[in-house]
Undergrad: 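Here's a structure for you.
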Amino acid sequence: SVGQEGSAMRRVALVTGGAKRLGRAICLDLATQEYTVIVHYLHSHQEALQTQESCLDNGAPSAHVLGCDLSDQSARATLMPRAIALAGRV
């Protein structure tokens, strides 16, 4: 069942490496399926912003960018809490 304003059925995806190449393609595909998309990047901030915009243009109800160095354990530990802060859930 759908909760308040459809939030119970809202689908959210965090795509690591989502700024470029295969990750970007996954983000755009999820956008066409009306997922809220969180575009993760390490060094590709501008590409992540472009992917975010493309997600919105392709049907995502919202899209966010999230930079994080996944090779750094302490940074990695913050990824999910930061993603949830952006989108409400993952």
Side-chain angles (χ1 to χ4, degrees):
S1 67
V2 176
Q4 294 180 10
E5 299 165 12
S7 63
M9 296 302 290
R10 185 171 51 97
R11 299 176 298 176
V12 179
L14 167 62
V15 181
T16 58
K20 299 191 302 186
R21 298 181 291 276
L22 182 58
R24 177 180 166 83
I26 292 168
C27 287
L28 297 179
D29 184 63
L30 290 168
T32 65
Q33 297 176 56
E34 299 182 349
Y35 275 76
T36 290
V37 179
I38 304 170
V39 181
H40 162 264
Y41 69 94
L42 177 56
H43 298 296
S44 305
H45 184 246
Q46 288 302 317
E47 291 92 339
L49 292 173
Q50 292 168 353
T51 299
Q52 175 189 32
E53 186 66 31
S54 294
C55 285
L56 295 170
D57 291 344
N58 282 286
S62 64
H64 310 275
V65 297
L66 180 58
C68 183
D69 182 353
L70 297 180
S71 70
D72 179 323
Q73 184 177 5
S74 61
R76 193 170 55 245
T78 70
L79 181 66
M80 291 306 288
R82 290 171 55 211
I84 292 167
L86 287 172
R89 63 189 283 181
V90 175

Undergrad: Taking all non-hydrogen atoms of both residues into account, name the closest pair between L28 and S54 and its distance.
TA: CD2-CB, 3.5 Å
Undergrad: Would you mind listing every ring-ring contact (aromatic ring centres under 6.0 Å, His included) that reaches into residues 45-90, with sequence neighbours excluded?
TA: Y41-H45
Undergrad: Report the distance from atom OG of S62 to atom CG of L86, rounding to the nearest 0.5 Å.
TA: 9.5 Å
Undergrad: Nearest 0.5 angstrom please: D57 CG to Q52 CD, how far?
TA: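 If we round to the nearest 0.5 Å, D57:CG and Q52:CD are 10.5 Å apart.
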Undergrad: Between CZ of R24 and SG of C55, what distance do you get to the nearest 0.5 Å?
TA: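 Reported to 0.5 Å precision, the distance equals 7.5 Å.
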Undergrad: Measure the CD-OG distance between Q50 and S44 for me, rounded to the nearest 0.5 Å.
TA: 10.0 Å
Undergrad: Under the rule for side-chain contact (heavy atoms from CB on, under 4.5 Å), what residues qualify as partners of I26, not counting sequence neighbours?
TA: V15, L22, L30
Undergrad: What are the two closest non-hydrogen atoms of R82 and C68, and how far apart are they?
TA: NH1-CB, 4.0 Å
Undergrad: Show the nearest heavy-atom pair for residues A83 and L14, with the distance to one decimal.
TA: CB-CD2, 4.4 Å
Undergrad: Going by side-chain hydrogen bond (donor to acceptor under 3.5 Å, both in side chains), name the residues that satisfy it together with T16, two or more places apart in sequence or in a different chain.
TA: none
Undergrad: Would you please name every residue forming a side-chain hydrogen bond (donor to acceptor under 3.5 Å, both in side chains) with D29, sequence neighbours left out?
TA: Q33
Undergrad: Could you tabulate the donor-acceptor pairs under 3.5 Å formed by side-chain atoms of residues 72-81, not counting sequence neighbours?
TA:
residue, atom, partner, partner atom, Å
D72, OD1, S74, N, 2.9
D72, OD1, S74, OG, 2.7
D72, OD1, A75, N, 3.0
R76, NH1, L70, O, 2.5
T78, OG1, A75, O, 2.6

Undergrad: So if you build clusters from Ile, Leu, Val, Met, Phe, Trp, Tyr with side-chain heavy-atom gaps below 4.5 Å, do L49 and L56 land together?
TA: no
Undergrad: What is the minimum heavy-atom distance between T51 and G18, and which atoms define it?
TA: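 So the minimum-distance heavy-atom pair works out to CG2-O, 3.5 Å.
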Undergrad: So how far is it from K20 NZ to Q46 CD, rounded to the nearest 0.5 Å?
TA: 12.5 Å
Undergrad: So which atom in A13 and which in Y35 form the shortest heavy-atom distance, rounded to 0.1 Å?
TA: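 A13 and Y35 have their closest heavy atoms at CB-CD2, 3.9 Å.
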Undergrad: If you link ILVMFWY side chains whenever their heavy atoms are less than 4.5 Å apart, which other residues fall into the same cluster as L42? By chain and number, please.
TA: none
Undergrad: Kindly give the heavy-atom pair with the smallest separation between A87 and T36, and that separation in Å.
TA: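 Closest approach of A87 to T36: CB-CG2, 4.2 Å.
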